[in-house]
Peer 1: 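Below: one structure in structure tokens.
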Amino acid sequence: MKLYLLRHADAVAEDRDLADRDRYLSSRGREMCRVVARLLREQSVELDAVVTSPLARAVQTAELVASGIDYLGLIEAMPALTPGCHPRLAAEAIVARGDAVLIVGHEPTISHLGGFLLGRPGFPQFRTGQLYAVEDARPTWTARADVAQVEAYNVA
């Protein structure tokens, strides 16, 4: 199984007129999605499913990245990826989605999910627009939109 864990891209700031759950992607965030999609194409990533937190910034990230790699399937909003949910709930739902799944979420929920999937007490925190590839229950590489490159996974 190949899982691609992605933290949503850069979003507009929360303010008194815009609650955290309603934040949407900034123009920088939309560009980050294009970069992530390009990096995934360079890695020849093909997906069976895309699942995302139901919050706007995560859904927009999932849609833009999926479009950028020509994924034509359904993008499923999964309540178990909402911030604060236990990673077990998301893990149980994800395993039935296929052999190659893109999962878009938030910090710290997405790193908790990474640790849970690998049976580890922790997992590195994600930057906005950062993706970790987990292949056969082993992290193998990361794609970072902020530096527009793929790097081998380092345990450090």
Peer 1: Please say yes or no: joined through hydrophobic side-chain contacts below 4.5 Å, possibly via intermediate residues, are Ile69 and Val59 part of one cluster?
Peer 2: no
Peer 1: What distance separates Ser111 OG from Arg120 CZ, expressed to the nearest 0.5 Å?
Peer 2: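 These two atoms lie 13.0 Å from each other.
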Peer 1: Would you call Glu31-Arg34 a salt bridge at under 4.0 Å N-O?
Peer 2: yes
Peer 1: Answer yes if Leu55 and Val12 sit in the same cluster of Ile, Leu, Val, Met, Phe, Trp and Tyr residues linked by side chain heavy atoms under 4.5 Å apart, and no otherwise.
Peer 2: no
Peer 1: For Ser53 and Leu81, which heavy atoms make the closest approach, and how far apart are they?
Peer 2: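 Taking every non-hydrogen atom into account, CB-O, 3.5 Å.
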Peer 1: Establish whether Ile103 and Val45 are linked, either directly or via other cluster members, by ILVMFWY side-chain heavy-atom contacts under 4.5 Å.
Peer 2: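 No; Val45 is not reachable from Ile103 via cluster members.
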Peer 1: Considering non-hydrogen atoms only, spot the tightest contact between Trp141 and Val150 and give its length.
Peer 2: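 Nearest heavy atoms, Trp141 then Val150: CE3-CG1, 3.7 Å.
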Peer 1: Out of curiosity, Arg30 CZ to Gln60 CD, how far, rounded to the nearest 0.5 Å?
Peer 2: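 Interatomic distance, Arg30 CZ to Gln60 CD, rounded to 0.5 Å: 7.5 Å.
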Peer 1: Out of curiosity, Ile110 CD1 to Leu5 CG, how far, rounded to the nearest 0.5 Å?
Peer 2: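 One gets 5.0 Å once the value is rounded to the nearest 0.5 Å.
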Peer 1: Hydrogens and angles aside, do Thr52 and Glu76 bring a side-chain donor and acceptor to less than 3.5 Å of each other?
Peer 2: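 Judged by distance alone, the side chains do not pair up.
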Peer 1: Check Pro139 against Leu118 and note the closest heavy-atom contact, atom names and distance.
Peer 2: CD-CD1, 3.7 Å
Peer 1: A quick test of your reading: do over 12 heavy atoms of other residues, nucleotides or ligands sit less than 6.0 Å from CD of Glu46?
Peer 2: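 Open.
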Peer 1: Tell me whether Thr61 contacts the main-chain N or O of Arg57 through its side chain, where contact means a donor paired with an acceptor under 3.5 Å.
Peer 2: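 Looks like yes, one N/O pair under 3.5 Å.
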Peer 1: May I ask you to test the Tyr153-Arg138 pair for a side-chain heavy-atom distance under 4.5 Å?
Peer 2: no
Peer 1: Identify the two heavy atoms, one from Ile75 and one from Ala66, that lie closest to each other, and give their separation to 0.1 Å.
Peer 2: CD1-CB, 3.8 Å
Peer 1: State plainly whether one hydrophobic cluster holds both Tyr71 and Leu64, where clusters connect Ile, Leu, Val, Met, Phe, Trp and Tyr through side-chain heavy atoms under 4.5 angstrom apart.
Peer 2: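 No, Tyr71 and Leu64 fall in different hydrophobic clusters.
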Peer 1: Using a 3.5 Å distance criterion without hydrogens, assess whether the side chain of Arg7 forms a donor-acceptor pair with backbone atoms of Val104.
Peer 2: no
Peer 1: Report yes or no: does Thr82 contribute a side-chain atom to a donor-acceptor pair with the main-chain N or O of Pro79 at less than 3.5 Å?
Peer 2: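 Such a contact is found between Thr82 side chain and Pro79 backbone.
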Peer 1: To check you understand the geometry: which heavy-atom pair defines the closest contact between Pro83 and Thr109, and what is its length?
Peer 2: CA-OG1, 3.3 Å
Peer 1: Between Leu40 and Leu131, does the side-chain contact (heavy atoms from CB on, under 4.5 Å) criterion hold? Intermediate values first, please.
Peer 2: CA-CA 9 Å; Leu40 290 174; Leu131 176 143; 3.9 Å; yes
Peer 1: Take a 6.0 Å sphere around CZ of Arg21 and say whether it holds more than 12 heavy atoms from other residues, nucleotides or ligands.
Peer 2: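 For Arg21, atom CZ is not crowded (no more than 12 foreign heavy atoms under 6.0 Å).
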Peer 1: Between Thr128 and Met32, is a side-chain contact (heavy atoms from CB on, under 4.5 Å) present by the stated rule, with each step listed?
Peer 2: CA-CA 9 Å; Thr128 53; Met32 292 173 96; 3.6 Å; yes
Peer 1: Is the side chain of Glu151 donor-acceptor paired with the backbone N or O of Thr142 at a distance under 3.5 Å, no angle test?
Peer 2: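 Not confirmed, Glu151 side chain does not pair with Thr142 backbone.
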Peer 1: Which atom names give the shortest non-hydrogen contact between Val50 and Ala62, and what distance separates them?
Peer 2: CG1-CB, 3.9 Å
Peer 1: Below 4.0 angstrom, N of the basic side chain to O of the carboxylate: do Arg144 and Asp146 qualify?
Peer 2: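 Yes, this pair counts.
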Peer 1: Check whether Leu47 and Leu39 end up in the same hydrophobic cluster, where Ile, Leu, Val, Met, Phe, Trp and Tyr are linked by side-chain heavy atoms less than 4.5 Å apart.
Peer 2: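 Both belong to a single hydrophobic cluster.
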Peer 1: Between His8 and His106, what is the ring plane arrangement, given parallel below 30°, perpendicular above 60°, and tilted in between?
Peer 2: tilted
Peer 1: Quick one: does Arg97's side chain have a donor or acceptor within less than 3.5 Å of a partner on Ala93's backbone?
Peer 2: yes
Peer 1: Using distance alone, with no hydrogens and no angle criterion, decide if Ser26 and Asp10 have a side-chain donor and acceptor under 3.5 Å apart.
Peer 2: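 Looking only at side-chain atoms, Asp10 and Ser26 do form a donor-acceptor pair, the distance falling under 3.5 Å.
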Peer 1: Taking the six-membered ring for Trp, are Phe123 and Tyr132 closer than 6.0 Å centroid to centroid?
Peer 2: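 Ring centres of Tyr132 and Phe123 closer than 6.0 Å.
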Peer 1: Is the backbone of Val134 close enough, under 3.5 Å, to the side chain of Thr140 for a donor and an acceptor to pair up by distance?
Peer 2: no
Peer 1: Go through the steps for Asp15 and Arg23 under the test salt bridge (charged side-chain N to carboxylate O under 4.0 Å, His left out), then give the verdict.
Peer 2: CA-CA 9 Å; Asp15 63 27; Arg23 292 172 49 221; over 6 Å; no
Peer 1: Does any N or O in the side chain of Arg28 come within less than 3.5 Å of the main-chain N or O of Ala11, such that one atom is a donor and the other an acceptor?
Peer 2: no
Peer 1: What distance separates Ile94 CD1 from Leu117 CG, expressed to the nearest 0.5 Å?
Peer 2: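 The CD1 atom of Ile94 sits 6.0 Å away from the CG atom of Leu117.
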Peer 1: Does the distance from a Lys or Arg side-chain N to an Asp or Glu carboxylate O, for Arg127 and Glu107, drop under 4.0 Å?
Peer 2: no
